[in-house]
Student: 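Dumping the structure here so I can ask a few things about it.
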Amino acid sequence: MAKLSVINRDLKRRDTVKKFAAKRAELQAIVGNIKLSEEERYAARQKLQALPRNSSPVRLRNRCALTGRPRGVFSKFGLGRTKLREFAMRGEIPGVIKASW
């Protein structure tokens, strides 16, 4: 189980990303528009850099929904590899069976 503080930090980051998503997309559109003047694009770049660091979606980390484990997470299920295996062995995930040949 991951530390509760690390899990809470990640949840806080997710809230910040969601909060600033529209503003960030708007500024990135201005920066990427080559039809605008250099001054306007530069001003948009400055505003984009002034946004909080944690508002960038790159800083998010996929974590297991049950344990908070950061590595070995299957995005289709939202579970870490160990919990996914446990649930699959018990037959709690529809359509997932143990391979045998």
Student: Please report the interatomic distance CZ(Phe20) to CG(Leu48), rounded to the nearest 0.5 Å.
Tutor: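 The CG atom of Leu48 is 11.5 Å from CZ of Phe20, to the nearest 0.5 Å.
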Student: Using 0.5 Å steps for rounding, measure from the CD atom of Gln28 to the CG atom of Asn33.
Tutor: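 Between atom CD of Gln28 and atom CG of Asn33 there are 13.5 Å.
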Student: Only counting residues at least two apart or in another chain, list the ones meeting side chain to side chain contact (heavy atoms under 4.5 Å, CB included) with Ser37.
Tutor: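 Side chain to side chain contact (heavy atoms under 4.5 Å, CB included) list for Ser37, sorted by chain: Glu39, Glu40.
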Student: Listed by chain and number, what are the side-chain hydrogen bond (donor to acceptor under 3.5 Å, both in side chains) partners of Arg14, not counting sequence neighbours?
Tutor: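 Residues passing side-chain hydrogen bond (donor to acceptor under 3.5 Å, both in side chains) with Arg14: Asp10.
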Student: Once rounded to the nearest 0.5 Å, what's the spacing between atom CG of Leu66 and atom CZ of Phe87?
Tutor: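 These two atoms lie 5.0 Å from each other.
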Student: Looking at Ala2 and Arg69, what are the two nearest heavy atoms and their distance?
Tutor: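 Looking at all heavy atoms of both residues, the closest pair is CB-N, 4.5 Å.
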Student: Under 4.0 Å between a side-chain nitrogen and a carboxylate oxygen: does that hold for Arg41 and Glu38?
Tutor: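 Salt bridge flag = yes for Glu38 with Arg41.
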Student: Can you tell me if Arg71 has over 12 outside heavy atoms packed within less than 6.0 Å of its CZ?
Tutor: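 Check fails, neighbour count at 12 or below.
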Student: Do the non-hydrogen side-chain atoms of Glu86 and Lys83 ever get within less than 4.5 Å of each other?
Tutor: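 Touching, per the 4.5 Å side-chain cut-off.
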Student: Is the shortest heavy-atom distance from the side chain of Phe77 to the side chain of Val96 under 4.5 Å?
Tutor: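 Yes, close enough: below the 4.5 Å cut-off.
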Student: Could you tell me which non-hydrogen atom of Thr67 sits nearest to which non-hydrogen atom of Ile7, and how far apart they are?
Tutor: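 Closest pair (atom of Thr67, atom of Ile7, distance): O-CD1, 4.0 Å.
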Student: Do Ser55 side-chain atoms and Pro52 backbone N/O form a donor-acceptor pair below 3.5 Å?
Tutor: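 The answer is yes, because a donor-acceptor pair under 3.5 Å joins these two groups.
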Student: Please report the shortest heavy-atom distance between Gly80 and Cys64, naming the atom on each side.
Tutor: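 Shortest heavy-atom contact: N-SG, 3.2 Å.
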Student: Group every Ile, Leu, Val, Met, Phe, Trp and Tyr by side-chain heavy-atom contacts under 4.5 Å, then state whether Tyr42 and Val31 land in the same group.
Tutor: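 No, separate clusters.
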Student: Within a radius of less than 6.0 Å around CZ of Arg45, do more than 12 heavy atoms belonging to other residues, nucleotides or ligands occur?
Tutor: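 It does not: Arg45 CZ has 12 such atoms or fewer within range.
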Student: Please report the closest heavy-atom contact between Ala44 and Ile30, naming both atoms and the distance.
Tutor: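 Where Ala44 meets Ile30 most closely, the heavy atoms are CB-CG2, 3.5 Å.
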Student: Enter the distance from Leu4:CG to Arg9:CZ here, rounded to the nearest 0.5 Å.
Tutor: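 Separation between the atoms: 11.5 Å.
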Student: Between atom CD1 of Ile93 and atom CZ of Arg85, what is the distance when rounded to the nearest 0.5 Å?
Tutor: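 Result: 12.0 Å between the selected atoms.
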Student: Could you tell me which residues satisfy side-chain hydrogen bond (donor to acceptor under 3.5 Å, both in side chains) with Asn54, sequence neighbours excluded, listed by chain and number?
Tutor: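 Counting only residues at least two positions away or on another chain, Asn54 forms a side-chain hydrogen bond (donor to acceptor under 3.5 Å, both in side chains) with Arg13, Arg59.
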